[in-house]
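Everything below concerns the one structure shown next.
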Amino acid sequence: MKFQTITGTKDILPSESPLWQHIEHTARSIFKRFGYSEIRTPIFEDTNLFLRGIGETTDIVGKEMYTFKPSSESDESLTLRPEMTASVMRAYLQHSLGAQSPVVKVYYISKLFRKEKPQKGRYRQFWQFGAECIGSANPEADAEIIAMMMMIYDELGIKSTMLKLNSLGDIETRKRYRAILQDYLRPHFDKLDAVSKERFEKNPLRILDSKNPDLQDLIANAPRILDCLDEVSKSHFETVKTYLDDFGVKYVIEHRLVRGLDYYSRTAFELVSSDLGAQDALGGGGRYDGLGEQLGAEKEIPAVGFASGIERLLIALESAGISEKIQPPKPDVMLVAQSPLARGWIMKTAHAWRKEGLAVETDLLARSLKAQMREANRLGATFAIIVGENELQTGKFQLKNLLTSEQKEIQQENLLSEIKNRTA
RNA sequence: GUGAUUGUAGCUCAGUCGGUUAGAGCGCCUGAUUGUGGCUCAGGAGGUCGCGGGUUCGAAUCCCGUCUUUCACCCCA
């Protein structure tokens, strides 16, 4: 075979798309209930948007972006989006969405690009759905975003998950905590692995994220950021937790949860699943009050959001045994032609009935009657009608219900309404 | 990027110590008397054994390279 998909990318085949549509439909339904509207942004942006937005210390920006020049002599640098939050904030600022309503609530279902080595639940082109609530600094917004995310998983039937929750405080808290953490780690510096040593100066909070078993004791005994929170962040966090309790959303406090992206502040959360292997995050998010200013806004723009990986959700649905329950759509009726004259009739009739909203199948290969019946069965059609000279002359048709094998005679003018009634 | 791992029919997989026409199940197609699907039975189509090179009288099988798959590190959804 000559051509194939590029490493780390996948086709979503006709047999899989019903499940994707089910996920998208469920997510959209819940976004709608929470008053979120869809936003669609371009698939590539100015590279600087991500440099400024995501933060240059992250690996996403450092080595995982698909960056290109639109032409060889151009100075412009473009990048296939590796995440959505920066794009959404860019759109918010560009179109002054905040001037039209004080709180802007948007969601997206879109594909993203990261040049990582593919692995379970990790692809180079992948899909996320997510939402951003821009304009409110209040804990109600945090709680609602989290609850909305959880409702989607809940309604899809995903059970074996754990919601991790933490607060990173405001910028001052993070600065203070950074110093405290460095003081704590400094005497143990020699014990750190190479990656952690590098992070020690660049981004010491990320050391808490390390999976290195030798570091686990050290990390477990590290000072906790929750103990360093400023008063406002502390009460903000308490209120978020209270709302989650009220909503019946279960969570665990995870002191080590710091999240990779630089723009997070205060609330941080992550939903993990044991079905996923090493890439165990189904979704995550948090508050990012500083992002707007980083992208050039004149004042702080409070915002909170989440993102969920759809390929990972698929893995979870698979192991929960839910994916197999999602069936492709089935035809209402298969029109079976017995002669060339009948073929003409079923083509015209199929077209007319499709206009009326029915899903009508016909055989495009002019195959035998037996083959056409087999096809009707294979497709899972509810009804089949065999059309031959008799029917065309008498106007009386045998309507066969393939689910029950019952067959009954119907006058031509009553066929459509009969099928509509019985398939509605 | 580092380290492992995989590749045989549309799918899931057998294939002995290197040996002659590479198999199975599922799926697909056709048929089992004249106008009826599902079950059953019979038959059929479908493979450059990932690709390129090497060793050998002979390679799906051994060696090298390459691409790909999967997994872990890393990173993250």
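Small disclaimer: the values here were computed from a predicted structure and weren't measured.
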Would you indicate which nucleotide in [options] comes nearest to any side-chain atom of [X]?
X        : options             : result
A:Gln398 : B:U2, B:U36, B:A77  : B:U36
A:Gln407 : B:C73, B:U36, B:G31 : B:U36
A:Ile386 : B:G35, B:A77, B:A72 : B:G35
A:Thr7   : B:U68, B:U70, B:G35 : B:U68
A:Lys120 : B:C71, B:U36, B:G37 : B:C71
A:Gln338 : B:U68, B:G38, B:G35 : B:G35
A:Gln119 : B:C73, B:G37, B:A77 : B:C73
A:Arg114 : B:A77, B:U36, B:C73 : B:A77
A:Lys117 : B:U30, B:U36, B:G3  : B:G3
A:Arg378 : B:A77, B:G37, B:C28 : B:C28

By the 4.0 Å heavy-atom rule, please label [X] as base, sugar-phosphate, or nothing.
X        : value
A:Ala371 : sugar-phosphate
A:Leu369 : sugar-phosphate
A:Tyr123 : base
A:Ala376 : nothing
A:Leu112 : nothing
A:Gly130 : nothing

Determine the Euclidean distance between corresponding [atom1] atoms of [M] and [N]; express it in Å to zero decimal places.
N     : M     : atom1 : value
B:C39 : B:G35 : P     : 24 Å
B:G31 : B:G15 : C1'   : 32 Å
B:A9  : B:A45 : C1'   : 11 Å
B:C71 : B:C29 : C1'   : 39 Å
B:G65 : B:C26 : C1'   : 36 Å
B:G27 : B:G46 : C1'   : 12 Å
B:A32 : B:C13 : C1'   : 31 Å
B:G1  : B:U48 : P     : 31 Å

Q. Is it the case that more than 12 heavy atoms not belonging to A:Ile12 sit under 6.0 Å from its CD1 atom?
A.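 Yes, CD1 of A:Ile12 has more than 12 neighbouring heavy atoms, counting only those of other groups under 6.0 Å.
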Once you round it to whole Å, what is the distance between [atom2] of [N] and [atom1] of [X]?
X        : N     : atom1 : atom2 : value
A:Asp193 : B:U2  : CG    : C1'   : 14 Å
A:Arg124 : B:U68 : CZ    : C1'   : 12 Å
A:Lys115 : B:A77 : NZ    : C1'   : 20 Å
A:Lys10  : B:U69 : NZ    : P     : 8 Å
A:Arg122 : B:C71 : CZ    : C1'   : 11 Å
A:Leu403 : B:U36 : CG    : P     : 20 Å
A:Arg367 : B:C29 : CZ    : P     : 6 Å
A:Gln372 : B:C28 : CD    : P     : 17 Å

Write down the atom of [X], the atom of [Y], and the distance for their closest heavy-atom approach.
X        : Y        : answer
A:Cys228 : A:Tyr177 : SG-CD1, 3.7 Å
A:Ile158 : A:Thr161 : CG2-CG2, 3.5 Å
A:Asn166 : A:Leu257 : ND2-O, 2.9 Å

Q: Could you grab the distance from atom CD1 of A:Ile39 to atom NZ of A:Lys105, nearest 0.5 Å is fine?
A: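 Answer rounded to 0.5 Å: 15.0 Å.
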Q) Where each residue is assigned the nucleotide of RNA chain B containing its nearest heavy atom, which of A:Ile310 and A:Ser210 is assigned the position nearer the 5′ end? A)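 It is A:Ser210 whose nearest nucleotide is closer to the 5' end.
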Q: Could you pick out which residue, A:Gly283 or A:Gly8, lies toward the 5' side of RNA chain B when each is mapped onto its nearest nucleotide?
A: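 Checking each residue's closest nucleotide, the 5'-ward one belongs to A:Gly8.
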Q.
Which is it for B:G46, anti or syn, if anything within 90° of zero counts as syn?
A.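 Glycosidic conformation of B:G46: anti.
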Q: I would like to know whether A:Ser87 and A:Tyr108 meet side-chain hydrogen bond (donor to acceptor under 3.5 Å, both in side chains); could you show each step before the answer?
A: CA-CA 11 Å; A:Ser87 292; A:Tyr108 55 82; over 6 Å; no
Q: Look at the side chain of A:Lys370 and the base of B:U36, then say whether one donor and one acceptor between them are separated by less than 3.5 Å.
A: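 Not at all, since no donor on one side and acceptor on the other fall under 3.5 Å apart.
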Q: Take A:Phe189 and A:Phe200, measure what ring pair (Phe, Tyr, Trp, His ring centres under 6.0 Å) needs, and give me the verdict at the end.
A: CA-CA 9 Å; A:Phe189 188 81; A:Phe200 184 83; 5.2 Å; yes
Q: Could you let me know what B:A24 is paired to, Watson-Crick or G-U wobble, both distances under 3.5 Å, or none if it's on its own?
A: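 Partner of B:A24: B:U12.
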Q: Return the nucleotide paired to B:U30: Watson-Crick means purine N1 to pyrimidine N3 with N6-O4 or O6-N4, wobble means G-U with N1-O2 and O6-N3, both under 3.5 Å.
A: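 Checking every strand shown, B:U30 finds its partner in B:A42, with both distances under 3.5 Å.
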Q. Under the side-chain hydrogen bond (donor to acceptor under 3.5 Å, both in side chains) criterion, do A:Arg266 and A:Ser233 qualify, and how do the steps go?
A. CA-CA 6 Å; A:Arg266 293 211 172 117; A:Ser233 293; 2.9 Å; yes
